[in-house]
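Single-structure report; data block below.
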Amino acid sequence: MSVPTDRRYGPASLPTPRGPVSGALVAALHRPPHDLPAGLAGALAGDVGDGHPDPLTDEDRQLTLFLCYELHYRGWAGVDEDWEWQPSLLALRAAAERPFEAAVRRLVGPQPTVLPAGVPAALAALVAAADGPSLARTLHRQATLAQFREFVTHRSIYHLREADPHSWALPRLGGPAKAALVEIQMDEYGNGRCDRMHAELFRVTLGRLGLDTDYAAHLDRVPAVTLAVNNLISLFGLHRRLRGALLGHLAAYEMTSSLPNRRYGNGLRRLGLDEAATRFYDEHVEADAVHEQIAAHDLCGGLVRTEPALAGDVLFGAAAALATDRLFAVHLLDSWAAGTSSLRLRAETDGPVGAVAERFATRTPAAA
């Protein structure tokens with residue numbers, strides 16, 4: 001007799017497919033591990049110029065990546081854990097990753113060449129130069145309760161596993177950078193107290209807003225741009241060659257967190273929410289003001305002092321974090337300005353999943 005897991009902490013159920021590749025992958029994950037058809041990876045291998053949609057907003061590609069990445073986190077309910085390292089699934093992931101990374105690099109553009117000692121100042125300059133609409137200001141001053149609930153729904157994909165993707169850097173580091181990352185992550189994980197973990201504080205906010213608090217419960221509702229924001233951190237975290245980008249990404253988050261979180265908390269208070277609902281945001285106002293300095297000087301500065309060649313990667317990671325978050329903010333604000341929801345319909349599947357995915361259908365060895 002199987003014992004049910006606590007759905008608050010995962011694993012989540014497999015999501016609704018959003019195209020032929022994610023549809024074929026979901027179907028395969030329902031069965032024991034086996035080789036996926038070679039054509040499945042080929043379907044995602046091209047770039048925009050080859051007639052493929054923009055990787056950053058391609059629902060099928062972003063869900064496929066999320067499906068693959070989640071196998072390295074909590075896994076999927078009812079899915080054999082041996083899928084995590086199945087070679088053909090890793091090949092599919094790689095085929096989806098390459099155009100995604102290339103699209104992010106195009107979006108960000110070239111970064112200035114700086115000496116290791118100049119990295120903290122260059123990070124500060126990147127943050128200061130960041131443009132785009134202020135989602136935080138809108139949520140603070142004028143968003144409706146329904147719009148705030150949408151925002152929190154989007155952010156649940158990140159915040160319910162908040163520190164985990166950046167923690168992939170820990171075994172890849174040594175010395176000052178490792179010590180700085182541990183200092184930051186200890187706060188994220190509540191210094192060993194479950195009720196103080198930032199993911200748990202966010203779960204309370206979800207509950208106060210009347211939203212499902214289970215892990216990845218809102219995955220089917222969020223669009224590709226939200227998945228791309230999350231997939232970017234997994235891309236950086238799961239590739240050792242991108243460890244500099246991962247630390248730059250974390251630094252950008254810490255250096256742009258304090259003021260927006262103050263605004264989010266004040267926005268909830270404006271809407272009549274209680275202290276328990278705002279605690280997650282209030283906690284970040286103080287903590288991230290400290291983390292900002294640690295991230296720029298001790299974390300990223302410490303990394304490039306020991307590995308000077310990674311200075312450019314650090315700046316790329318920070319710029320990528322800012323650029324993809326800007327796309328996310330534009331999506332929400334444009335949707336609200338048009339009077340529509342920024343979320344997806346619950347049963348939306350984005351295209352002919354059934355018929356096209358049949359080309360990639362795989363059979364278990366017993367049925368072959």
Side-chain angles (χ1 to χ4, degrees), residues 72-73 111-128 130 158-159 161-193 196-202 229-230 232-261 280-322 324-325:
H72 300 292
Y73 290 99
Q111 297 303 303
T113 300
V114 298
L115 295 173
V119 164
L123 286 170
L126 268 176
V127 169
Y158 171 67
H159 285 311
R161 67 179 186 195
E162 180 165 349
D164 295 349
H166 291 115
S167 292
W168 286 112
L170 283 169
R172 307 183 191 280
L173 302 175
K178 190 183 193 100
L181 182 56
V182 169
E183 183 174 0
I184 292 172
Q185 299 300 76
M186 280 294 291
D187 279 347
E188 301 291 338
Y189 291 120
N191 289 290
R193 286 183 51 185
R196 295 298 300 257
M197 291 172 60
H198 289 181
E200 290 302 306
L201 297 180
F202 187 79
V229 167
N230 289 274
L232 180 67
I233 322 176
S234 296
L235 171 69
F236 290 166
L238 289 168
H239 291 272
R240 184 178 177 277
R241 67 178 174 86
L242 294 170
R243 63 195 179 281
L246 181 63
L247 297 198
H249 186 287
L250 176 57
Y253 268 25
E254 299 295 347
M255 296 171 75
T256 57
S257 175
S258 189
L259 178 57
N261 276 293
F280 171 80
Y281 298 113
D282 296 339
E283 176 82 9
H284 281 74
V285 173
E286 180 177 348
D288 290 349
V290 176
H291 290 174
E292 175 179 352
Q293 298 303 315
I294 298 172
H297 294 275
D298 302 327
L299 180 65
C300 294
L303 175 70
V304 298
R305 283 194 297 272
T306 58
E307 297 189 79
L310 296 183
D313 287 347
V314 169
L315 297 184
F316 162 62
L322 297 170
T324 52
D325 269 18

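Nothing fancy with the numbering, it's 1 onward along the sequence.
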List for me each residue that meets side-chain hydrogen bond (donor to acceptor under 3.5 Å, both in side chains) alongside R161, sequence neighbours excluded, and say none if there are none. E70
Aromatic ring proximity, centroids under 6.0 angstrom, F202 and H198: no
Closest approach of L173 to K178 (non-hydrogen atoms, all atoms of both residues): O-NZ, 3.3 Å
To the nearest 0.5 angstrom, please state how far the CG atom of L238 sits from the OH atom of Y73. 5.5 Å
Could you measure the distance from the CG atom of L181 to the CG atom of L247? Nearest 0.5 Å is fine. 6.5 Å
Closest non-hydrogen atom pair, P176 against G302: CB-CA, 4.3 Å
Which atom of A163 lies closest to which atom of Q185, heavy atoms considered: O-NE2, 2.9 Å
Value for NE2 (H159) from CZ (F280), rounded to nearest 0.5 Å, stands at 4.0 Å
Could you give the distance from CG (L310) to CG (L246), rounded to the nearest 0.5 Å? 11.5 Å
Can you find a heavy atom in the side chain of L299 that is under 4.5 Å from one in the side chain of E254? no
Shortest non-hydrogen contact between P116 and P308, atoms and distance: CG-CB, 3.6 Å
Taking R172 for the side chain and L242 for the main chain, is one N or O donor matched with an acceptor at less than 3.5 Å? no
Residues at least two apart in sequence or cross-chain that pass side-chain hydrogen bond (donor to acceptor under 3.5 Å, both in side chains) with R196, listed by chain then number, are E283
Using the ring pair (Phe, Tyr, Trp, His ring centres under 6.0 Å) rule, collect all pairs that involve residues 298-320, keeping only residues at least two apart or in two chains. F236-F316
Does Y189 have any ring pair (Phe, Tyr, Trp, His ring centres under 6.0 Å) partners at least two apart in sequence or in another chain, and if so, which? none
Checking H249 now: which residues fulfil ring pair (Phe, Tyr, Trp, His ring centres under 6.0 Å) with it, not counting sequence neighbours? H166, Y253
Any chance you could measure E188, atom CD, to L250, atom CG, to the nearest 0.5 Å? 7.5 Å
Can you confirm whether Y158 sits close enough to V229 that some side-chain heavy atom of one is under 4.5 Å from a side-chain heavy atom of the other? no
Is there a side-chain contact (heavy atoms from CB on, under 4.5 Å) between R193 and E200? Walk through the geometry before answering. CA-CA 10 Å; R193 286 183 51 185; E200 290 302 306; over 6 Å; no
With sequence neighbours left out, what residues match T256 under side-chain hydrogen bond (donor to acceptor under 3.5 Å, both in side chains)? none
So which atom in L315 and which in A122 form the shortest heavy-atom distance, rounded to 0.1 Å? CD2-CB, 3.7 Å
For V285 and S258, which heavy atoms make the closest approach, and how far apart are they? O-OG, 2.8 Å
Interatomic distance, M197 atom CE to D187 atom CG [nearest 0.5 angstrom]: 12.5 Å
